[in-house]
Protein chains: 2
Amino acid sequence: MRPKGKTGTRKKILDTALEMFSLYGYKGSSIRLIAKKVGIRESSVYSHFKSKAEILNALITEYKSRKVSAEIISDKILDYIDKPEIFMKKFCEKIFEQWNTPYERRMMRLFLIEQFAEREGTEISLTSFLKEIRDVWEFVFGQMIKFKLIKKTDPSLLANEFTSVLFIIRFEYLTDEKGENLDKALKLANKHAGFFWKAIRK
Amino acid sequence: MRPKGKTGTRKKILDTALEMFSLYGYKGSSIRLIAKKVGIRESSVYSHFKSKAEILNALITEYKSRKVSAEIISDKILDYIDKPEIFMKKFCEKIFEQWNTPYERRMMRLFLIEQFAEREGTEISLTSFLKEIRDVWEFVFGQMIKFKLIKKTDPSLLANEFTSVLFIIRFEYLTDEKGENLDKALKLANKHAGFFWKAIRK
DNA sequence: GTCTATAAGGAGATAGAC
DNA sequence: GTCTATCTCCTTATAGAC
C-alpha cells in the first residue's frame with residue numbers, strides 16, 4: 001500500500017535536509033551529512049533527487065502548496081467575528097500554535113536564511129510569507145468596518161499594523177529549536193491584541 | 001600618517017567580506033573570492049586575519065561597538081518631544097535614512113542570515129538588534145506619559161508596538177541591495193506613526 | 001605584506017555492480 | 001534503491017621566498 005516506488009527514504013531525506021538547512025543554511029549543509037543522518041550513502045540520495053538544489057526546490061514547492069491561515073479563520077473562531085477583541089485573541093492562539101510546529105519553525109528559518117541568496121528557479125522572499133496572512137486580515141478588518149464594529153480606517157493599514165507585531169514576536173521566538181517559549185509568545189500576542197483593540201474600537 | 005602597519009587592506013577585506021557574507025552567507029563566501037575581489041592572493045588574507053571566522057568576528061564586534069539610535073534621539077528632534085506625532089515621524093525619517101546605508105543594510109542581512117547558525121565566541125541574535133531601539137522608545141514613551149502627553153499605558157508595550165512595525169518595514173525593503181525604495185518605506189513608516197499617534201493620544 | 005606552492009580534506013556528482 | 005569506488009573541483013590554511 002505504499003505510494004509507488006517509495007520506501008519512505010525520499011521523505012526522510014526531505015525532513016533531514018530541512019532540519020539541516022534551517023540550522024546551517026543551504027550551503028552549510030552537505031549531502032554527505034544528510035545521507036549519513038538518513039542512514040544511507042551519499043550516492044543513494046541521487047536516486048531520489050538529481051541534485052542538491054532539487055532538494056531545496058522540493059521543500060519550498062511543497063511548502064508553498066499548503067494554505068493554512070485562511071483555514072484558521074474559517075475555523076470555529078468565526079463565531080466571534082462580531083466580537084473583534086476575542087476574535088483577534090483567538091486567532092493569535094491558533095496561529096502561534098501552528099507556527100510552533102517544528103516544520104513551520106524550520107521553514108520560516110530557512111526562508112529567513114536563504115531569502116537573500118540569488119537562486120535560479122525557486123523564489124524565496126519574506127514578503128510572500130507576510131502577504132498571505134496580511135491579506136486575510138485586510139479582508140477581516142474590511143468586514144469589521146462594514147458592520148461598524150470598529151472605526152473606519154484603511155483596512156490594509158490595519159492589517160499591516162496588526163500582523164507586523166505578530167511576526168516580530170514570531171521571529172524572536174524562532175531561535176529556540178524546541179519551541180518551548182510558546183507561552184511567552186502567546187502572552188505578548190494577547191497584550192498586543194488588547195492594545196490593538198483599544199486603538200480601533202469605536 | 002597611516003595607522004601603524006596598515007595599508008588599508010584590512011579594511012578592504014572587511015568591506016568585501018561583509019558584502020559577500022550578506023549576499024551569500026558566511027559558508028557561501030570563500031576566502032578565495034574575497035581575496036580576488038580585494039585584489040590580493042588568498043594567502044595574503046592570513047596576514048590580516050588568522051582565520052575566516054576571525055573576519056566574521058571582527059565585523060560583528062566592530063558593529064556592536066557602535067551606538068546610534070540614542071544619538072538620533074538626542075539630535076535636533078528632541079525639540080519636538082512635546083509634540084509626539086511630529087517626534088515619531090521625525091524619528092522614522094532619521095532612522096530609515098540611517099538604516100538605508102549599505103553598511104547597515106548588509107549588517108542587518110548578515111544578522112538575519114547567520115543568527116541561527118551555532119557559532120563559538122560571537123553571539124548573533126535578532127533580539128539584540130531590536131532591543132537597542134526598543135529601549136530608547138520605552139524611555140521616550142515613559143517621559144511622554146510622565147508629562148501627560150499620551151494615555152497612561154505600559155511603556156514597554158508601547159515601545160514594542162511602535163518599533164515592531166518599523167522593523168517589518170525595514171525587513172521588507174532589505175532585499176534590494178541598492179536601497180532604492182527608501183521613499184516607499186518612509187511613506188509606510190509615516191502612516192504607521194500617524195495611526196499610532198491616534199492610538200495613544202489622550 | 002604579498003607572493004608561489006602546496007598540503008589535506010570536503011564538496012557535489014557519476015558509473016556500474018548487486 | 002542501495003552500495004563501493006572514483007572523479008573533479010573547491011575549501012581553509014600553512015611554509016617559506018622576496
Side-chain angles (χ1 to χ4, degrees), chain A residues 1-60 110 113-114 117-122 124, chain B residues 1-60 110 113-114 117-122 124:
Chain A
M1 284 293 277
R2 280 197 197 117
K4 55 181 173 183
K6 291 193 182 175
T7 55
T9 309
R10 190 192 133 94
K11 187 164 161 26
K12 272 188 207 162
I13 293 171
L14 284 175
D15 289 347
T16 313
L18 175 58
E19 193 184 342
M20 311 245 345
F21 289 169
S22 75
L23 281 175
Y24 312 110
Y26 174 74
K27 273 269 188 179
S29 312
S30 68
I31 299 277
R32 198 154 293 185
L33 211 59
I34 292 170
K36 197 174 185 181
K37 279 207 164 199
V38 171
I40 56 175
R41 298 284 159 172
E42 302 158 57
S43 55
S44 303
V45 172
Y46 292 91
S47 299
H48 300 274
F49 302 94
K50 78 170 205 291
S51 70
K52 188 184 173 186
E54 214 192 48
I55 300 179
L56 179 64
N57 286 345
L59 282 171
I60 291 166
L110 176 58
I113 293 173
E114 296 298 327
E118 283 157 38
R119 213 177 299 288
E120 289 171 32
T122 331
I124 298 184
Chain B
M1 284 294 277
R2 282 198 196 116
K4 56 181 173 185
K6 290 193 182 176
T7 55
T9 309
R10 191 193 133 96
K11 184 162 162 33
K12 273 188 205 161
I13 293 171
L14 284 176
D15 289 347
T16 312
L18 175 58
E19 193 185 343
M20 311 246 347
F21 289 170
S22 75
L23 281 174
Y24 312 110
Y26 174 74
K27 273 269 187 179
S29 313
S30 68
I31 299 277
R32 191 158 298 186
L33 212 59
I34 292 169
K36 196 175 185 180
K37 281 207 162 197
V38 171
I40 55 175
R41 298 284 159 170
E42 302 158 58
S43 54
S44 303
V45 173
Y46 293 91
S47 298
H48 301 274
F49 302 93
K50 75 170 209 290
S51 69
K52 188 184 173 186
E54 214 192 48
I55 300 179
L56 179 63
N57 286 346
L59 282 171
I60 292 165
L110 177 59
I113 293 173
E114 296 298 329
E118 284 157 37
R119 213 177 301 287
E120 288 171 31
T122 332
I124 298 184

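We name chains A, B, ... by the order of the sequence lines, and we start the count at 1 in each one. Values below: every heavy atom of this structure, side chains too, minus hydrogens, waters and symmetry copies.
Checking C/dA13, C/dT4, C/dG1 against every side-chain atom of B/His48, the shortest atom distance belongs to C/dG1. Side-chain proximity of B/Ser47 to the nucleotides C/dT2, D/dG1, D/dA13 is greatest for C/dT2. Checking D/dT14, C/dG1, C/dA13 against every side-chain atom of B/Tyr46, the shortest atom distance belongs to D/dT14.
Nucleotide D/dT11 holds its P atom 9 Å from the NZ atom of B/Lys52, rounded to whole Å. Between the CD1 atom of A/Ile55 and the C1' atom of C/dA13 there is a distance of 12 Å, given to the nearest Å. The separation between B/Arg41 atom CZ and D/dT11 atom P is 15 Å, rounded to whole Å. As a whole-Å value, the separation of B/Lys27 NZ from C/dG10 P is 10 Å. One interatomic measurement links the two molecules: CD1 of B/Ile13 to C1' of C/dG1, which rounds to 10 Å at whole-angstrom precision. Atom P of nucleotide D/dT11 and atom CD1 of B/Ile34 are separated by 10 Å, given to the nearest angstrom. In this structure, B/Glu54 atom CD and D/dT12 atom P are separated by 15 Å, rounded to whole Å. Between B/Ile40 atom CD1 and C/dT2 atom P there is a gap of 6 Å when expressed in whole angstrom units.
Of the possible polar contacts, one joining the B/Ser29 side chain to the B/Met20 backbone as a donor-acceptor pair under 3.5 Å is found. The closest donor-acceptor contact from the side chain of A/Tyr24 to the backbone of A/Ser30 lies at 3.5 Å or more, if one exists at all. Of the possible donor and acceptor atoms, one in the side chain of B/Glu114 sits under 3.5 Å from a partner among the backbone N and O of B/Tyr26.
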Table of protein N/O atoms under 3.5 Å from nucleotides 6-8 of chain C N/O atoms:
none

Mind listing the N/O atom pairs, protein and nucleotides 15-18 of chain C, below 3.5 Å?
none

### Message
side chain to side chain contact (heavy atoms under 4.5 Å, CB included), that's the test. Do A/Ile40 and A/Thr9 meet it? Break it down for me.
### Response
CA-CA 9 Å; A/Ile40 56 175; A/Thr9 309; 4.0 Å; yes
### Query
Can you list the steps and then say if B/Ile113 with B/Phe21 is a side chain to side chain contact (heavy atoms under 4.5 Å, CB included)?
CA-CA 9 Å; B/Ile113 293 173; B/Phe21 289 170; over 6 Å; no
### Message
For a side chain to side chain contact (heavy atoms under 4.5 Å, CB included) check, start with the C-alpha distance between B/Asn57 and B/Phe49, then their side-chain angles and the critical distance, and finish with the verdict.
### Response
CA-CA 10 Å; B/Asn57 286 346; B/Phe49 302 93; over 6 Å; no
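Rounding to the nearest 0.5 Å places CD1 of A/Ile55 at 9.5 Å from CZ of A/Arg10. Between the OG1 atom of A/Thr16 and the NZ atom of A/Lys37 there is a distance of 7.5 Å, given to the nearest 0.5 Å.
Dashed line: the shortest gap from a side-chain N or O of B/Ser30 to OP1 or OP2 of D/dT11 is under 4.0 Å.
Take A/Lys11 and apply the side-chain hydrogen bond (donor to acceptor under 3.5 Å, both in side chains) test, not counting sequence neighbours, and it matches A/Asp15. The side-chain contact (heavy atoms from CB on, under 4.5 Å) search around B/Leu18 returns B/Leu59, B/Tyr103, B/Arg106, B/Met107, B/Leu110, not counting sequence neighbours.
The rotation axes computed at either terminus of the helix from C/dG1-D/dC18 to C/dC18-D/dG1 lie 10° apart, taking five pairs at each end and rounding to 10 degrees.
Sorted by first and then second residue, the salt bridge (Lys or Arg N to Asp or Glu O under 4.0 Å) pairs with a member in residues 19-36 of chain B read B/Arg32-B/Glu42; sequence neighbours excluded.
Of all the heavy atoms in A/Lys50 and A/Glu54, the pair that sits closest is N-OE1, 3.1 Å.
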